[in-house]
Every structure is written in structure tokens, then in C-alpha cells.
Amino acid sequence: MPGTADAEGWRRLHPISPLLRGGLVLLVLIGVFIANFRDLFVRMFVAASTHEPVEDDEFTAILGMLSNGQTLLLVLGGVVLLLVVIIGVSWVAWRFHTYRVSGEAVESRSGVLFRQHRRAPLDRVQSVNLQRPLLARLLGLTKIEVLTGGQGGKVELAYLGHRDAKAVRERILQLASARRSGNSVDAAPGVVAPAAAVSYDGTRYAQPADSLTERVQDFADFDVDPEAAEAHALVRVPLGRLLGSILLSWEAVITLILLLVAIFWGLISSAIGAVTGSSGFLAAGGVSLLTVIPLILVTVGMMFAQFNKGFNFTLSRGRESVRVGSGLTSTVTDSIPFGRIHAIEARQPLFWRPFGWWRVRVTLAGHSVSEAGQSVTQNVVLPVGRHDDVVRVIETLVPGAATGITEGLTGSGEDYVGAGPRAGWLLWFGKRRAGVRIDVPTDPTALTDATLRIRRGALTRSFAIMPIVRAQSVQLSRPMWHYVLKLAALQAHTVLGPVRVSVRGIALDDARAVFEHLSAAVLAVQRAESDGHPTTRRSESDERPAG
């Protein structure tokens with residue numbers, strides 16, 4: 001582990017961490033100062049460049065004050081005092097902010113007057129993420145975010161040197177893997193040195209000859225698992241495919257429709273106004289454009305978020321986790337331990353269908369309600385990929401779903417319980433695709449690999465898989481029109497997340513049969529997990545190469 005630990009194992013973060021965490025406040029103060037004295041700076045620049053006096057009593061008075069040596073000394077002294085106070089407070093905050101990675105938990109202590117102690121048990125770790133905002137990336141620093149189950153259950157270590165952060169992450173994942181498998185944490189191999197930076201294809205950079213080269217390598221580090229690159233277990237998203245998928249997404253289509261409608265209505269209104277001489281129609285044309293501009297800005301912002309999320313996207317499989325990295329100016333790398341996926345979904349918008357593109361996203365424990373909304377960028381593990389990429393990603397993240405993925409994505413769904421005969425009144429064109437299937441292995445030791453699979457959607461196709469071991473409850477419901485048409489809806493509940501594991505329009509008798517089968521499967525699978533079968537099975541699946 002990097003750094004020096006005290007007798008109890010506590011270590012300190014990077015010395016400039018407090019300044020970086022308080023950088024936003026400092027930028028706001030500088031912005032307020034510049035906004036208030038903007039005119040003064042402009043006038044001073046004009047006076048200095050033209051060598052002509054500016055006739056302005058306020059400006060002359062301020063210049064007179066600054067020309068007074070005593071006043072200037074007071075101003076400089078105040079600036080120096082402010083800097084000393086900021087540095088002093090930051091130093092005290094750094095001294096009181098420590099972290100510890102033990103065989104049981106990841107812990108963080110902070111605060112001077114009000115102490116805060118956060119603890120993430122290793123057996124509750126859902127993912128370990130590295131976040132690198134632009135300023136931190138320029139300074140060679142990285143924030144570690146350890147997510148656990150429960151709302152707001154996370155421990156942040158902000159900030160560490162980039163290579164030190166990678167070493168700490170690997171140690172956390174090693175210890176968490178040892179805890180889940182029931183092995184002693186002493187058997188987990190130790191981290192002997194900070195991890196080296198790697199290129200986009202997973203190749204390690206050469207040993208840096210100086211500190212500047214090391215800083216450049218850290219800035220350009222793609223954080224791809226080198227072992228995955230050597231095993232050809234990488235999934236990448238080419239830039240051209242990413243741009244094409246964004247331009248053919250629903251957000252882009254809606255933006256284009258809104259813009260065309262606004263322009264068409266504006267032209268029609270202007271033409272009618274010009275012919276009739278009515279100012280009302282002219283005003284209506286301008287109002288239509290002003291009304292649609294905010295909507296266009298929102299959708300453009302969503303498309304840029306998709307681009308930023310998918311830029312330089314890589315997914316690699318390591319020994320203890322699956323690593324997902326992406327980002328343009330700011331980068332984020334999520335390390336998801338095996339067996340932590342609560343649900344996974346592949347989605348295909350209408351205009352992606354000719355190209356065979358899909359987006360894959362997952363549900364994980366540990367995200368807040370706002371983070372787990374229906375955002376197009378939330379929990380995405382494949383922004384856009386072809387059929388083979390989707391199969392590889394699903395097999396990597398959910399080992400129990402290694403078979404039947406193609407049938408769920410593009411097959412006819414013959415092995416699925418389909419929609420009822422009257423479901424067309426509710427599902428319209430989505431009736432042919434709607435279906436549900438329960439896969440339960442016959443091998444008792446592999447029972448925890450059982451999955452629930454659901455197909456649905458017409459304009460946007462969806463294929464969702466949920467490990468039955470992650471089910472919190474199952475539900476059969478009959479809303480009004482389902483009741484009238486003798487249909488039913490089925491839903492399996494897991495932790496809050498973007499993936500919805502539900503299907504509508506199933507014939508009532510079929511829905512009841514599936515509900516009983518699923519209920520029995522949930523009890524059997526969770527009983528098998530409590531008896532200890534998943535430990536052996538999951539360890540075997542972790543050694544299986546992706547793809």
C-alpha cells in the first residue's frame with residue numbers, strides 16, 4: 001500500500017487534496033471579485049495602453065488609493081494573509097483526514113470540529129470507482145469512490161496520486177474478493193508497487209525517465225486491465241460508431257423534429273403576417289422559435305452527455321472485477337466485483353436496428369435515488385455495440401446468462417411465454433416481442449446461476465436479465481384494462497436502478513403459472529445461496545474467459 005501508515009493502519013491523502021476539494025469555492029470567490037471589478041480592470045488596461053488619462057472620478061479615486069504606498073501595502077498584506085489562512089486551514093484539514101484499508105472494511109475519518117467516520121465493509125462493496133475531474137487530472141490526482149449497498153452508502157478518498165489510487169483500488173478489490181470467497185484476507189496478494197499507466201489498447205507505457213513524462217503518462221492513462229488486453233477480452237467503442245449512435249438516437253430525432261416544426265411554423269407565421277400585415281402572426285413566429293430553444297438545449301445537453309460518457313470507452317475483465325472506463329475531459333473508471341449485478345438490460349432504439357447496435361446498462365446497489373433515475377448515461381456498461389459485443393458484455397457481467405442471449409436479443413422467442421391473444425389492444429406492435437422466461441440450471445450446485453429473462457418493446461427493443469438470487473420480491477398485477485382483457489403484468493423487484501424487470505400483456509393463466517414458478521425459484525435459489533453453493537460456483541465462473 002502506498003504511503004506510510006501509523007500504528008493503527010491509518011494513512012493520509014495527498015497534501016493538496018483540501019485545496020482541490022475547496023477549489024470550487026475559491027473559483028467562485030475569484031469570479032465574484034472579477035465581476036465586481038471588471039470595469040476597473042478594463043479602464044486600467046485602456047489607460048496603460050493609450051497613456052491617456054481617463055476622466056472618471058471613481059476610477060481616479062481608486063487609482064489614487066492604489067498609488068498610495070501605505071494603502072497598497074495593506075492590500076497586499078490582506079491578500080497574503082488570506083493565502084496564509086487558506087493554506088493553514090487546508091493543512092489542518094489534511095492532517096485530520098485519514099483513511100484505512102483493513103481486512104474487514106474501507107474507512108475514512110475527516111473533520112476538525114465535527115468528526116466524521118465512514119466505513120464500507122468489504123463484503124458489502126458493490127463497486128470501486130476512480131474519478132478524475134479535469135483539474136485533478138491535470139494535477140495527477142484521482143478520487144476513489146467505494147460504493148456499498150444502501151442509499152448514500154459510499155466512502156470517498158479524495159484525493160490520491162493517480163498511481164497510488166490505482167494501487168489502493170486493486171488492494172480493496174483483492175480483499176473484497178477474498179472476503180466473498182470465504183478465504184483468509186492474508187491469502188490475498190499484496191500490492192507491491194503503484195500500477196503503471198497503460199494505453200488505449202492495454203499496452204503498458206515504458207518506464208518514465210522523468211517526472212514530466214510520468215505526469216503525461218498518468219494524464220493519458222486509459223486504466224485498461226493489461227491482463228484483459230493480453231487475453232483479448234476487451235470491448236471498445238469506435239468514435240465513428242459512437243457519433244453515429246448519438247445522431248440516430250431518440251434525443252437527436254426529437255431535437256430535429258422540434259427544430260423543423262419551429263422553423264416551419266415560424267416561416268408560415270411570417271408569411272401570413274407579411275401578406276395580411278398582421279403583427280400577431282409575426283410575433284407568433286418569433287415566440288415559436290423562443291419556445292423551442294430551451295427544449296433543444298436540453299436535448300443537445302443529453303447528447304453531449306452520451307458522447308462524454310462513451311468517448312474512449314473500454315470494458316475489460318480482470319481477476320477480481322470488471323473494469324469500465326470512459327470520458328473526454330474528465331474520466332471515470334468503474335470496477336464492479338463479480339456477482340454484484342442486480343439486473344442487466346440491452347436496448348435497441350428504432351434507428352439503430354439497421355446497424356445491429358445495442359446499448360447495455362445495469363442496476364447496481366449503492367446509488368442514490370437521483371443517480372438511479374432513467375438517465376440515458378446512468379449505469380451504462382456499453383454505450384453502443386454490435387451483437388457480439390453485447391453477448392460478450394452480458395456473459396462477462398452475468399456468468400449465469402452465458403447461453404440463450406442471441407435468442408433473447410434477436411430470436412423469435414419460441415422458448416418464452418408470450419403475450420396473450422388480446423394483448424394487441426395494449427402493446428400494439430410490441431405484442432410479438434413481449435415474453436418472459438425462467439432459466440433454472442438442473443445442477444443443484446449451479447442453482448444460484450438461475451435467471452429471469454424478459455423481452456419487450458416495439459420502437460425500442462429491450463432484453464433484460466435478472467439473476468434470481470437478487471430478487472427482493474415478485475408481483476402479479478392486473479390494472480383495469482388488463483382485467484378487462486383477461487391479461488396480467490409480471491414484475492420482479494430488486495434494488496433501485498435504471499433497469500425495469502417487468503412485462504405486460506401476459507395471458508392470465510400463463511401469468512399465474514409463471515408467477516408460481518418464479519416464486520418457487522426465488523425461494524430455492526436464495527436457500528441455495530444461504531447454504532453456501534454460490535461460493536464455489538462463482539469462483540469457477542470468475543476464471544472463465546470473456547467472449
Side-chain angles (χ1 to χ4, degrees), residues 339-347 360 362-363 390-391 393-395 397-421 423 427 430-457 461-478 482 486-495 497 499-531 533-534 537-538 541:
R340 293 304 188 186
I341 301 296
H342 287 254
I344 187 168
E345 179 186 35
R347 296 175 63 86
V360 182
V362 296
T363 288
V390 175
V391 172
V393 169
I394 295 178
E395 288 179 349
L397 295 176
V398 187
T403 59
I405 299 176
T406 299
E407 176 67 18
L409 291 172
T410 58
S412 59
E414 294 180 357
D415 296 333
Y416 286 72
V417 177
L427 305 180
K431 176 184 175 181
R432 292 182 56 187
R433 183 168 175 83
V436 57
R437 171 179 168 180
I438 303 173
D439 279 356
V440 180
T442 56
D443 184 359
T445 61
L447 196 59
T448 52
D449 285 343
T451 58
L452 171 67
R453 308 180 182 213
I454 289 177
R455 294 158 36 105
R456 63 174 182 268
R461 290 179 175 177
S462 168
F463 175 53
I465 300 177
M466 184 191 74
I468 292 180
V469 70
R470 297 298 176 191
Q472 304 293 321
S473 65
V474 295
Q475 174 182 307
L476 185 148
S477 60
R478 301 184 65 193
H482 282 71
K486 295 183 179 181
L487 304 173
L490 293 168
Q491 182 172 7
H493 301 101
T494 182
V495 298
V499 179
R500 182 171 56 91
V501 189
S502 64
V503 62
R504 301 185 304 141
I506 305 297
L508 180 59
D509 293 339
D510 292 340
R512 286 172 175 168
V514 172
F515 178 78
E516 295 296 334
H517 185 192
L518 181 59
S519 301
V522 170
L523 294 176
V525 169
Q526 296 186 354
R527 187 181 298 114
E529 184 191 37
S530 64
D531 291 341
H533 287 308
R537 179 65 180 176
R538 208 164 285 161
S541 65

So with a 6.0 Å cut-off around CD of E414, is the heavy-atom count from everything else above 12? no
Give, for atom CD1 of I465 and atom CD1 of I405, the distance between the pair rounded to the nearest 0.5 Å. 5.5 Å
For L490 versus F515, what's the shortest heavy-atom pair and its separation? CD2-CB, 4.0 Å
Listed by chain and number, what are the salt bridge (Lys or Arg N to Asp or Glu O under 4.0 Å) partners of D510, not counting sequence neighbours? none
Do the side chains of Y416 and R433 get nearer than 4.5 Å, heavy atoms only? no
Taking atom CZ of R500 and atom NE2 of H493, what is their separation to the nearest 0.5 Å? 11.0 Å
Residues in salt bridge (Lys or Arg N to Asp or Glu O under 4.0 Å) contact with R461, at least two apart in sequence or another chain: none
For the residue pair A423 and L487, what are the closest heavy atoms and their distance? CA-CD1, 3.7 Å
Is Q491 reaching over with its side chain to a backbone N or O of S477, donor-acceptor style, under 3.5 angstrom? no
With a 4.5 Å cut-off on side-chain heavy atoms, are V360 and I344 touching? yes
In plain terms, say whether E407 and R455 are close enough for a salt bridge, that is, a side-chain N and a carboxylate O under 4.0 Å apart. no
Checking K431 side chain against G418 main chain: does a donor-acceptor pair fall under 3.5 Å? no
For the student: nearest non-hydrogen atoms of V503 and A434, plus distance: CG2-CB, 4.4 Å
V522 pairs by side chain to side chain contact (heavy atoms under 4.5 Å, CB included) with which of V474, L452, V469? V474
Compare every heavy atom of A524 with every heavy atom of L447, then report the nearest pair and how far apart it is. CD2-O, 3.5 Å
Is the number of heavy atoms from other residues, nucleotides or ligands within 6.0 Å of CZ (R437) greater than 12? yes
How far apart are the closest heavy atoms of P441 and A446, and which atoms are they? CG-O, 3.2 Å
Chi angles and distances behind the side-chain contact (heavy atoms from CB on, under 4.5 Å) call for T363, V495: CA-CA 7 Å; T363 288; V495 298; 3.6 Å; yes
Stepwise side-chain contact (heavy atoms from CB on, under 4.5 Å) test for L518 and I468: CA-CA 8 Å; L518 181 59; I468 292 180; 4.1 Å; yes
Hey, are S462 and E345 close enough side-chain-wise for a donor-acceptor pair under 3.5 Å? yes
Output for pair (I438 CD1, I454 CD1), nearest 0.5 Å, gives 9.5 Å
Hey, mind stepping through R456 and L427 against side-chain contact (heavy atoms from CB on, under 4.5 Å) and telling me if it holds? CA-CA 9 Å; R456 63 174 182 268; L427 305 180; over 6 Å; no
Are V390 and L409 packed together at the side-chain level, in the sense that at least one heavy-atom pair is separated by less than 4.5 angstrom? yes
Out of curiosity, R512 CZ to L476 CG, how far, rounded to the nearest 0.5 Å? 7.5 Å
